[in-house]
Amino acid sequence: MLAMTQIEPPILFPRPNVLLDGAGGSPLHRFTDQPDPRRNPRLWLKLYLEGLTLHRRSLVLARRAERVLDLGCGCGWFAIAVAQGNPDVRVEAVDTDGRLLDWARYYSDRLHNEGKKFGKVTYKEQNVEEYPWADVEEEFDVVHAGFILSRCKDPGEVLNGIYKALKPGGWLIYHDATDPPSGNLDQAAVLQHRWVKWRDPSSDPWSWRRVWKQRYRFDMVRALARHSEPTEGHVLARVEELFALRFQERRRAFLDVYLRMARRKPNQKFLMLPIVKFLDDLGTRMGIVQGACRYVLAQKR
């Protein structure tokens, strides 16, 4: 641990440089943050796991807009996809991670240099909770907030700012991890209890329920979330107060828990990922289990 603390962040997380196009034996991990599906397989995995249909619906809505705000933009994949689909759009992308913003700027510049039609995208390194909402009142047609409100100390205040920043009739694209679904915890606990009770007489479903609740709390999606009040349910209630919900769906019942557990034997368990995702989607569609990630399209009244 002492040795790790002496390593500079740029070494662990390199920023784009002259070797990005693969010349000179550039290390493979230099590509892992790029918002380019041709170079970054992780981006395809992200889109596949979150649902291509949901992303397509978001992009179609955002590409019709004149101004778009992308909160927690990361490497800028959503902002860049919107700008590629509408050369007249203006997108403002905000994130606290300057390393990821460097990748986004690099890829945007490369598209400009290739002469492709591309909207105007500006990147800001800023905390979402410190965004100057008063300066952008009724300026945006669409605000994209993906897996960012769960990381804010006061998501209600951020929602108030989003409401002010949207034009009348503007759209909020909101998706985030829900609280651990109670029904899923019950079913997983009962199934695991039945599986182990023959070799562990002390097993009981209540203990397994607590185990599964912890697994949900620290899965691949919630690992960086803020584990305190208000809960996601309260955040959704606030969204319903401010906006008219036009579409809502919950997906990914156990998928993120599986990805967290797959770290132990990644090669073996990732081969099973398509099957797990199919069963996960089938279970949520049929109502057997509840989705643990919520996707919402809401319109400003």
Side-chain angles (χ1 to χ4, degrees), residues 41-55 57 146-151 155 174-237 239-240 245 247-296:
R42 291 198 313 181
L43 185 59
W44 279 111
L45 181 63
K46 169 187 172 64
L47 298 179
Y48 169 68
L49 294 178
E50 294 185 3
L52 294 173
T53 303
L54 297 182
H55 285 300
R57 184 180 286 111
F147 296 100
I148 186 65
L149 293 183
S150 61
R151 304 182 185 186
Y174 161 68
H175 45 107
D176 216 329
T178 69
D179 308 318
S182 180
N184 293 8
L185 296 178
D186 294 339
Q187 292 197 39
V190 169
L191 288 174
Q192 188 147 12
H193 168 64
R194 290 175 179 174
W195 177 258
V196 303
K197 68 177 182 179
W198 63 274
R199 58 185 172 85
D200 183 8
S202 64
S203 173
D204 69 275
W206 298 111
S207 297
W208 284 117
R209 195 182 193 280
R210 288 193 292 269
V211 170
W212 276 98
K213 189 171 184 178
Q214 285 296 103
R215 287 175 179 172
Y216 264 107
R217 185 183 174 103
F218 296 105
D219 66 19
M220 293 294 288
V221 172
R222 295 165 183 77
L224 300 177
R226 170 191 42 79
H227 302 296
S228 61
E229 296 291 339
T231 64
E232 193 273 340
H234 287 87
V235 175
L236 178 67
V239 172
E240 291 177 315
L245 269 61
F247 178 83
Q248 181 179 175
E249 188 173 12
R250 289 178 66 168
R251 301 282 294 277
R252 295 157 66 182
F254 290 102
L255 190 60
D256 301 306
V257 178
Y258 177 83
L259 290 172
R260 178 75 177 187
M261 297 170 67
R263 287 182 170 184
R264 299 172 186 173
K265 296 181 180 179
N267 295 334
Q268 175 183 345
K269 293 192 176 182
F270 270 96
L271 290 175
M272 295 290 294
L273 184 58
I275 299 175
V276 174
K277 185 181 187 312
F278 171 76
L279 294 175
D280 196 271
D281 290 342
L282 184 64
T284 54
R285 292 289 186 186
M286 296 179 64
I288 300 173
V289 290
Q290 291 180 288
C293 287
R294 193 189 308 273
Y295 176 89
V296 172

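Worth saying up front: this structure is predicted, and the values here are computed from it rather than measured.
- For the atom pair NZ of Lys213 and CG of Asp179, the computed distance is 9.0 Å after rounding to the nearest 0.5 Å.
- Of the candidates Gln290, Arg209, Gln187, Arg209 is the only one forming a side chain to side chain donor-acceptor pair (under 3.5 Å) with Ser182.
- Val257 is listed as a side-chain neighbour of Trp212, based on a closest heavy-atom distance under 4.5 Å.
- Among all heavy-atom pairs drawn from Pro205 and Ala189, the shortest one is O-CB, 3.4 Å.
- Distance alone, capped at 3.5 Å, is enough to place a donor-acceptor pair between the Tyr295 side chain and the Leu54 backbone.
- Distance CH2/Trp206 to CG/Leu185: 11.0 Å, rounded to 0.5 Å.
- Taking the six-membered ring where the residue is Trp, His55 and His175 present perpendicular rings, their angle passing 60° and hence far from 30°.
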Original post:
Please walk me through it: do Asp219 and Leu259 pass side chain to side chain contact (heavy atoms under 4.5 Å, CB included)?
Top reply: CA-CA 7 Å; Asp219 66 19; Leu259 290 172; over 6 Å; no
Subject >> Audit row: Phe254, Leu279, side chain to side chain contact (heavy atoms under 4.5 Å, CB included) steps and yes/no >> reply: CA-CA 10 Å; Phe254 290 102; Leu279 294 175; over 6 Å; no
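- In this structure, the separation between CE on Met261 and CG on Asp256 is 13.0 Å, given to the nearest 0.5 Å.
- In this structure a side-chain-to-backbone donor-acceptor pair under 3.5 Å is missing from Arg260 to Arg215.
- Counting heavy atoms from C-beta on, the side chains of Thr284 and Arg250 never come closer than 4.5 Å.
- Comment: Asp176 does not engage Arg294 in a salt bridge, judged by the lack of any side-chain N to carboxylate O separation of less than 4.0 angstrom.
- Atoms CZ and CZ, from Phe247 and Arg57 in turn, are 4.0 Å apart once rounded to the nearest 0.5 Å.
- Within 6.0 Å of CZ in Arg194 there are 12 or fewer heavy atoms belonging to other residues, nucleotides or ligands.
- Atom CD of residue Glu232 and atom SG of residue Cys293 lie 9.0 Å apart, to the nearest 0.5 angstrom.
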**OP:** Mind running side chain to side chain contact (heavy atoms under 4.5 Å, CB included) on Tyr258 and Leu273 for me, showing each step along the way?
**Re:** CA-CA 9 Å; Tyr258 177 83; Leu273 184 58; 4.2 Å; yes
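- Ser203 OG to His193 NE2: the interatomic distance, rounded to the nearest 0.5 Å, is 5.0 Å.
- The minimum heavy-atom distance linking His234 with Pro230 is given by the pair CB-CB, 3.8 Å.
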Original post:
Please walk me through it: do Leu236 and Gln248 pass side chain to side chain contact (heavy atoms under 4.5 Å, CB included)?
Top reply: CA-CA 11 Å; Leu236 178 67; Gln248 181 179 175; 3.7 Å; yes
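- Taking all atoms of both residues into account, the shortest heavy-atom contact from Arg222 to Tyr216 is CD-O, 2.8 Å.
- Taking the charged nitrogens against the carboxylate oxygens, Arg252 and Asp280 have no contact shorter than 4.0 Å, which rules out a salt bridge.
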